[in-house]
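Some notes on the structure that comes next.
Letters A, B, ... mirror the listed sequences (proteins, then strands); counts begin at 1.
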2 protein chains.
Amino acid sequence: MAEDVFKALADPTRRKILDELTERNGQTLFEICARLTTKHGLGSSRQAVSQHLAVLESAGLVVSRRQGRYKFHDLRTEPLERIVTRWLKPDAPESTP
Amino acid sequence: MAEDVFKALADPTRRKILDELTERNGQTLFEICARLTTKHGLGSSRQAVSQHLAVLESAGLVVSRRQGRYKFHDLRTEPLERIVTRWLKPDAPESTP
DNA sequence: TTGATAGGCAAGTCGCTACTTGCCTATGGT
DNA sequence: ACCATAGGCAAGTAGCGACTTGCCTATCAA
């Protein structure tokens, strides 16, 4: 539900994970760990990232597929498209001039 | 910055306050308290709602104007329109934590 | 089979945050 | 002048959430 989406987005590391998956979909846990530390400079442990991925997955923002000993993670943007329109009521759409 | 917007949206009571201001803009603290308890069934104290409004204001989602002994609160949706497009576009994401 | 890789599970620690409690200031009605 | 209303400030408490620690399972390559 939407409740979980907001909670999932509340953490900066999880948002970085979404950034990473936006840039390159279908990464494994270790790939995400490596790219978080090298590119974003975050020193997150494997378990920490694993728990973040679990939160993102239970929020519907990430789906995972197992293949052998690898587990690939894919981004799902559908939950994002629904949550913000809640407060962007029909009045005054000043987003595009 | 965007960081504060996500943190502000992480709390369900704050989201209810945004709902309330969406429905009727320019409410005072006591009005928001009253409508939260009656319409939404939340038993939030005055101080709790006051602190929530401070968080929303520092995130740029609410602005307040003083008038006599009243303080009116208005919704600002501009910060909302910026945050989610971060993952909806195929472009490179913003460099924000 | 052995060892290395990829990941999972569970309990525990620690910091942040939502909420309370108590007291304070200021404005306005009468 | 009085007092009720509208709101602010600050310290303290409780619980949730992020992260660690330690050990476990499963898969593949040699």
Closer to the 5' end of DNA chain C via nearest nucleotide, is it A:F72 or A:Q51? A:F72
Distance test, side-chain N/O of [X] to OP1/OP2 of [N], below 4.0 Å:
X	N	result
A:K71	C:dG8	yes
A:K7	D:dG17	yes
A:S50	C:dG7	no
A:H52	D:dC19	yes

Is any N or O donor-acceptor pair between the side chain of A:R46 and the base of C:dG8 shorter than 3.5 Å? yes
Donor-acceptor pair under 3.5 Å: do we get one between A:Q67's side chain and the base of D:dT27? no
Do other residues, nucleotides or ligands put more than 12 heavy atoms under 6.0 Å from the CD atom of B:Q67? no
Tell me the interatomic distance from A:Y70, atom OH, to C:dG8, atom P, rounded to whole angstroms. 14 Å
Write down the distance between CG (B:D4) and C1' (C:dC16), rounded to a whole number of angstrom. 15 Å
Base, sugar-phosphate alone, or nothing: which one does A:S44 contact when heavy atoms must sit under 4.0 Å apart? nothing
A:R14 side-chain proximity, nearest of D:dA4, D:dA18, D:dG8: D:dA18
